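Keep in mind that what you see is a predicted model, and the values were worked out from it rather than measured. Just so it is clear: chains get the letters A, B, ... in the order the sequence lines come, proteins before strands, and each one is counted from 1.
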There are 2 protein chains.
Amino acid sequence: MTDTTHAHRIDEPSALLRAAGLRVTAPRVAVLAALREHRHADADTLIATTRARLGSVSTQAVYDVLKALVDAGLVRRIEPAGSPARYEPHTHDNHHHLVCRTCGRIEDVDCAAGRRPCLDVVDDFGFTIDEAEVVYWGQCPDCA
Amino acid sequence: MTDTTHAHRIDEPSALLRAAGLRVTAPRVAVLAALREHRHADADTLIATTRARLGSVSTQAVYDVLKALVDAGLVRRIEPAGSPARYEPHTHDNHHHLVCRTCGRIEDVDCAAGRRPCLDVVDDFGFTIDEAEVVYWGQCPDCA
DNA sequence: ACCTAGAATGGATTCATTCCATAAAACACT
DNA sequence: AGTGTTTTATGGAATGAATCCATTCTAGGT
Ligand SMILES: [Mn+2]
Ligand SMILES: [Mn+2]
Ligand SMILES: [Zn+2]
Ligand SMILES: [Zn+2]
């Protein structure tokens with residue numbers, strides 16, 4: 001049995017925050033924890049979860065935290081059409097998403113073409129492309 | 001010189017509407033015309049253009065028209081993250097989009113992998129996938 | 001323990017879009 | 001052409017998600 005009470009695990013919310021040069025605050029730690037519990041959660045879910053954990057947090061605080069985390073590269077924000085923004089811990093693996101048109105369920109999909117795929121297109125209009133984002137639309141088994 | 005005054009060209013707005021089983025109304029014809037003038041226009045642009053052409057239309061009318069056209073398959077609606085919805089005549093060619101992170105400029109990109117690409121993923125979680133939507137993010141030459 | 005830049009609060013505000021009840025117009029049928 | 005039924009347009013209010021702002025609070029450096 002390993003004692004982790006006083007451990008400073010690099011993947012702990014507070015360590016992540018410090019490593020990113022962000023101040024460690026209760027809302028930030030709680031939001032990071034909430035993000036682990038709920039895959040691809042929207043702000044509402046994160047607000048509710050954070051509030052449950054802390055007793056109270058302002059809605060604005062959670063939005064601010066999310067913005068700080070996204071800006072710091074700790075969190076990825078995705079905005080599937082027709083849905084409020086979703087958030088997930090940033091894994092930097094450039095994975096894609098499978099979205100159910102009916103219930104909005106979202107699943108991760110590994111990038112078939114390698115790490116950062118499809119970055120070259122036939123005619124790029126002179127654009128400097130840095131990311132190819134793929135959304136697979138369909139029906140999940142429950143909705144089919 | 002070809003006289004087209006009394007022609008019933010299949011690609012004329014009114015013909016398109018009738019073919020789709022939709023009533024031909026001034027706002028619908030005007031919105032279809034506006035869609036030809038502005039690639040990937042948002043609702044605001046279409047409202048302004050339609051209003052200029054007709055003298056006046058309600059905002060709601062344009063939204064209703066757009067919904068009817070999208071439902072009928074005549075128009076495609078895309079929702080790039082961070083931008084209001086954009087609309088384009090539906091070409092059914094499953095092309096993708098290049099989006100400038102700075103100015104929001106959008107360009108069409110042919111699908112490199114064929115008509116309906118990437119529809120197979122490693123693990124599809126039992127989903128029935130009907131579309132793979134790709135957004136290439138980057139900077140346009142003007143913004144770079 | 002103290003200071004100060006940065007973060008949280010509560011409240012108002014924006015933006016894109018949708019909802020609703022009423023008035024107007026399109027098309028089918030005399 | 002006139003009538004009737006259904007669909008569409010109008011004006012105005014309402015919504016959901018997110019942002020702005022002024023004030024109060026707090027984390028972390030000295
Ligand atoms: Mn994901
Ligand atoms: Mn396009
Ligand atoms: Zn589903
Ligand atoms: Zn640009």
B:Arg86 with B:Glu88: basic N within carboxylate O range, under 4.0 Å:
no

Intermediate values then yes/no, side chain to side chain contact (heavy atoms under 4.5 Å, CB included), B:Tyr136 and A:Glu131:
CA-CA 6 Å; B:Tyr136 298 94; A:Glu131 183 189 352; over 6 Å; no

Give the residues of residues 54-64 of chain A touching DNA chain D, defined as any heavy atom closer than 4.0 Å, sorted by residue number.
A:Gln60, A:Tyr63

So, do B:Arg101 and B:Cys143 sit near enough that their side-chain heavy atoms are less than 4.5 Å apart?
no

Within residues 10-51 of chain B or reaching into it, pairs that qualify as ring pair (Phe, Tyr, Trp, His ring centres under 6.0 Å) - sequence neighbours excluded
B:His40-B:His97

Can you tell if the side chain of A:Asn94 reaches within under 4.5 Å of the side chain of A:His96, non-hydrogen atoms only?
yes

Would you list the atom pairs, donor with acceptor, under 3.5 Å between side chains in residues 14-30 of chain A and any protein atom, with sequence neighbours excluded?
unit_1: A:Thr25; atom_1: OG1; unit_2: A:Arg28; atom_2: N; d: 3.3
unit_1: A:Arg28; atom_1: NH1; unit_2: A:Arg23; atom_2: O; d: 3.0

Side-chain donor or acceptor of A:Thr45 paired with backbone N/O of A:Ala41 under 3.5 Å
no

Within residues 70-88 of chain B, which residues have any heavy atom lying less than 4.0 Å from an atom of DNA chain C?
B:Arg77, B:Pro84, B:Ala85

Heavy-atom contacts under 4.0 Å between residues 19-47 of chain B and DNA chain D, which residues?
B:Arg23, B:Thr25, B:Pro27, B:Arg28

Quick one, B:Pro80 and B:Ile106 - any side-chain contact, counting heavy atoms below 4.5 Å?
yes

Classify the ring geometry between B:His92 and B:His90 as parallel (under 30°), tilted (30 to 60°) or perpendicular (over 60°).
parallel

Is there a side-chain contact between A:His95 and A:Val134 (heavy atoms, below 4.5 Å)?
no

For a 4.0 angstrom threshold against heavy atoms of chain B, report the outermost contacting nucleotides of DNA chain C in 5' to 3' order.
C:dA16 to C:dC27

Rounded to whole Å, the NZ-P distance (B:Lys67 to D:dT8) equals 11 Å

Are the side chains of A:Phe125 and A:Asp123 in contact, using a 4.5 Å heavy-atom criterion?
yes

Run the salt bridge (charged side-chain N to carboxylate O under 4.0 Å, His left out) check on A:Arg77 and A:Glu79 step by step: do they pass?
CA-CA 7 Å; A:Arg77 173 192 173 122; A:Glu79 295 181 49; 3.2 Å; yes

